[in-house]
Every structure is written in C-alpha cells, then in structure tokens.
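Report on the following structure.
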Amino acid sequence: MHGIAASQPYVIAVFLTWAGLMKLLSRRMRAQAGQTALARLTGAARAVPVLRLVGLVELAVAAALLLPPVHPLDGVAAALLAAGFLAYLTYAYVAAPTSSCGCLGTHSRPVDLRAFARAGVLLAAGLVSIGAGPHPSLAPLVLLEVVILLGLSAELDRYWLTPSRRLLVRLRRPLAAPPPRDVPLETTLHLLRRSPAYCSASARLTSDVRETWDEDGVRFVVYGADERSAVFAVPLSGDDPAAIRVALVNEAALA
C-alpha cells in the first residue's frame with residue numbers, strides 16, 4: 001500500500017504540470033478563455049488572469065509533490081485542488097452546459113462524464129498520496145494511471161480517438177455491400193420472380209431451379225424451358241428487378 005501511495009504524486013504532478021503550462025503558455029487557451037465556463041463564473045474580463053493564477057497554483061502543487069522532502073500536506077493540497085476541479089465542473093455542467101471547462105487545453109466539447117471521471121481519479125490519487133512516504137514508486141501503476149487519465153481527456157481525442165475510429169471504419173467498412181457469397185438464394189429468387197425477365201419467360205418454364213452459380217458479381221439461375229433452358233442473370237448487388245436478364249439456350253450449349 002505504501003508503494004501505491006508513493007506513486008500517486010508522480011501521476012498527479014504530470015497532469016498538474018500539463019494543465020499549468022497550458023494555462024500559462026498557450027496563446028490559444030488565453031484567446032478562448034472567454035468561451036469557457038470560467039468566464040461565466042468570474043466574468044469575461046477576469047477569465048484570463050484567473051486562468052493564469054490557477055496555472056501557477058497547479059505548477060506549485062506539482063513541484064511540491066515532486067520535490068523532497070515528502071510531506072502529507074502535499075497530498076492534502078493535491079486533494080483539495082482536485083475537489084475544486086470537481087466543484088468547478090459541477091458549476092460548469094449546471095450553469096454553462098454548452099461551454100468547455102478549459103481545464104487541460106482548448107476544445108469545444110462541453111463538460112461530460114469523462115471530465116468528472118478524470119477529476120475523480122485525481123481526487124482519489126490525491127487522497128491516497130497523503131499517506132505517501134519515502135518508498136519507491138511503482139512505474140507500471142504510474143503508467144497505467146496516466147493512460148487512464150489520458151483516455152478520459154477529451155482534449156486529446158483528436159490525437160488518438162478520432163484517428164482510431166477512422167481506421168476502424170476503413171477496416172470494417174460498415175457501409176460496404178456484403179460479399180456475393182453472403183446473399184441467400186431465397187433473396188435472389190424473390191427478386192427474380194418480380195422481374196420483367198421472369199414474367200416474360202415464365203410461360204415457358206417447365207421445372208423448378210435446376211442449377212445456380214456465382215460469377216463476377218452475378219448469380220446465374222437455370223430453369224428448364226421445354227427442350228431448352230432458361231438462364232437468368234441476377235446481379236448480386238442492388239435490388240432492381242429490371243436489371244435481371246434472361247436467355248434461352250439449348251441443353252447442349254449449356255452443358
């Protein structure tokens with residue numbers, strides 16, 4: 001348990017450093033501060049100074065977590081900061097539901113459950129870190145927590161979530177036509193019986209379906225027709241009965 005507690009300051013410090021640097025150095029964030037929920041809370045004119053102040057506090061807490069000596073008050077400060085984040089997110093969700101939070105970068109998405117989950121994870125890490133001592137950190141656990149927090153950060157979706165979804169669409173091709181082998185024979189026959197080609201040849205048919213085969217995206221259906229055979233060509237893609245063709249051929253020619 002002591003090792004887990006000792007790893008939490010590193011997790012918290014990574015995100016507080018990121019958040020603080022974004023608030024202090026990002027010109028885009030300062031330009032869009034008036035569009036965040038913070039502008040509703042403090043007023044548009046004071047949004048940028050408050051952002052900078054919060055950024056300085058985040059960097060100070062991150063430094064306290066990383067620099068020795070280890071002190072329980074460092075974890076208390078991190079937990080209080082995370083609790084403040086949760087309170088701010090609640091305000092944003094209620095009072096400015098269409099505004100972004102401006103927590104870790106600029107994006108247009110409003111506060112959602114992912115933002116609350118991220119703040120909750122940081123609060124839990126802060127509470128656990130209060131009992132941290134001079135024990136070695138658990139690098140795998142730190143990495144796992146960082147990955148979880150990155151996944152909960154909508155600010156980074158454009159770097160991993162959107163490209164992943166595009167790749168999945170290209171691989172799965174959800175709107176692509178099914179392969180010809182997946183078209184049931186009953187579907188083909190239902191379309192065939194509604195076609196002008198079948199109506200024109202139905203009086204000559206003397207048997208049920210004798211043979212079928214698929215070739216180049218077309219399903220060929222063979223019926224007996226007196227001493228000849230009626231061969232229907234049904235496209236496997238599409239559902240237009242008018243696209244079906246028929247030919248009457250001699251038995252010898254079909255063989």
Side-chain angles (χ1 to χ4, degrees), residues 1-26 29-30 33 36-42 46-96 99-105 111-156:
M1 183 65 184
H2 291 292
I4 295 176
S7 67
Q8 302 311 300
Y10 300 100
V11 176
I12 303 170
V14 168
F15 279 85
L16 292 184
T17 301
W18 173 25
L21 291 177
M22 288 296 298
K23 291 178 177 67
L24 293 175
L25 303 179
S26 174
M29 172 168 279
R30 293 198 298 269
T36 65
L38 188 62
R40 176 75 178 268
L41 179 63
T42 65
R46 291 188 291 271
V48 172
V50 172
L51 269 178
R52 290 175 175 171
L53 178 60
V54 173
L56 288 174
V57 173
E58 289 169 337
L59 290 178
V61 174
L65 290 168
L66 292 176
L67 298 177
V70 177
H71 197 283
L73 289 180
D74 299 339
V76 172
L80 289 176
L81 194 57
F85 290 156
L86 279 172
Y88 168 66
L89 290 174
T90 302
Y91 169 83
Y93 188 80
V94 174
S99 300
S100 63
C101 69
C103 299
L104 296 175
V111 174
D112 57 8
L113 292 179
R114 292 170 64 191
F116 282 99
R118 181 178 62 190
V121 171
L122 289 174
L123 176 58
L127 293 174
V128 172
S129 69
I130 295 175
H135 302 281
S137 63
L138 303 178
L141 178 61
V142 172
L143 181 60
L144 175 61
E145 288 183 89
V146 169
V147 169
I148 292 174
L149 289 170
L150 289 176
L152 293 173
S153 300
E155 296 85 353
L156 296 179

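Sequential numbering from 1 along the given sequence is applied to the chain's residues. This structure is a prediction, so every number in the text was calculated from the model and none was measured. The basis for the numbers below is simple: all heavy atoms, side chains too, and nothing from hydrogens, waters or symmetry mates.
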- request: Would you give the length of the straight line joining atom CG of L16 to atom CG of L122, rounded to the nearest 0.5 angstrom?
  value: 7.0 Å

Rounded distance (nearest 0.5 Å) linking atom CG of L59 with atom CG of L21: 5.0 Å

field: With F116 via side-chain contact (heavy atoms from CB on, under 4.5 Å) - residues at least two apart
entry: L86, L89, T90, Y93, V111

task: Check side chain to side chain donor-acceptor pair (under 3.5 Å) between R114 and all other residues, then give those that pass, not counting sequence neighbours.
output: D157

- line: Contacts of T17 meeting side chain to side chain donor-acceptor pair (under 3.5 Å) (sequence neighbours excluded), chain-then-number -> none

Quick one: closest heavy-atom pair of [X] and [Y], and the distance?
X	Y	answer
L65	A13	CD1-N, 4.2 Å
A119	A82	O-CB, 4.1 Å
L127	A79	CD2-CB, 3.8 Å

- request: Side-chain contact test, heavy atoms from C-beta onward, threshold under 4.5 Å: evaluate it for L149 versus V14 and give yes or no.
  value: no

- prompt: Is there any side-chain hydrogen bond (donor to acceptor under 3.5 Å, both in side chains) pair reaching into residues 79-89, and which pairs are they, with sequence neighbours excluded?
  reply: none

Selection residues 61-79 - residue pairs positive for salt bridge (Lys or Arg N to Asp or Glu O under 4.0 Å), sequence neighbours left out: none

query: Can you list every salt bridge (Lys or Arg N to Asp or Glu O under 4.0 Å) pair that touches residues 56-68, not counting sequence neighbours?
result: K23-E58

- prompt: Do other residues, nucleotides or ligands put more than 12 heavy atoms under 6.0 Å from L73 CG?
  reply: yes

